[in-house]
Undergrad: 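One structure coming up, written as structure tokens, with questions to follow.
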Amino acid sequence: MMIPLIIVTGLIILSLWLLKKFNLLPSLQSNFPQKGSAIKLIETLRLGRRQQLVVIEFSNKKLLLAVTDTKVSCLSETDKSPSFSLPDIPEIGDK
């Protein structure tokens with residue numbers, strides 16, 4: 001009874017390792033940047049089986065990328081800080 005349990009456990013561990021190695025299971029991929037990494041993944045949105053939108057931060061800029069199996073396209077690029085400013089609103093009693 002113990003031998004089949006060891007074999008099944010080993011097959012599960014081997015399967016998970018192969019899925020991670022060949023990037024077949026995105027949930028096992030780390031979303032956290034490594035120490036000293038210049039690129040930080042902010043957000044990912046899946047549009048289909050093979051298409052996704054990705055927001056990354058690189059060189060104090062945020063980039064919106066469209067990613068498919070065969071192509072990566074930059075759709076938008078902004079500074080890290082917001083590109084808008086709030087209008088001056090007079091306080092109550094100011095004329």
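As the structure is a prediction and not an experimental result, all values here were calculated from the model.
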Undergrad: Is there side-chain contact between Arg50 and Thr68, with heavy atoms separated by less than 4.5 Å?
TA: no
Undergrad: Any heavy-atom pair between the side chains of Asn60 and Asp79 that's under 4.5 Å?
TA: no
Undergrad: Side chain to side chain contact (heavy atoms under 4.5 Å, CB included) with Leu45: which residues, sequence neighbours excluded?
TA: Leu47, Leu53
Undergrad: With hydrophobic residues grouped by side-chain heavy-atom distances under 4.5 Å, do Phe58 and Val55 end up in a single group?
TA: no
Undergrad: Who pairs with Val72 by side chain to side chain contact (heavy atoms under 4.5 Å, CB included), at least two apart in sequence or on another chain?
TA: Leu65, Val67
Undergrad: Just wondering, more than 12 heavy atoms not from Glu43 lying within 6.0 Å of its CD?
TA: no
Undergrad: For Ile13, enumerate each residue passing the side chain to side chain contact (heavy atoms under 4.5 Å, CB included) test, keeping only those at least two apart in sequence or located in another chain.
TA: Thr9
Undergrad: Just so I know, are the side chains of Leu64 and Lys62 near enough to count as touching, which here means a heavy-atom distance under 4.5 Å?
TA: no
Undergrad: Which residues end up grouped with Ile7 if you chain together Ile, Leu, Val, Met, Phe, Trp and Tyr wherever their side-chain heavy atoms are less than 4.5 Å apart?
TA: Ile3, Leu11
Undergrad: Under the 4.5 Å side-chain heavy-atom rule for ILVMFWY, direct or indirect, which residues accompany Ile6?
TA: Met2, Leu5
Undergrad: Residues sharing Met1's hydrophobic cluster, by side-chain heavy-atom contacts under 4.5 Å among ILVMFWY, directly or via others?
TA: none
Undergrad: Report yes or no: do Leu41 and Ile39 belong to one cluster of Ile/Leu/Val/Met/Phe/Trp/Tyr joined by side chain heavy-atom distances under 4.5 Å?
TA: yes
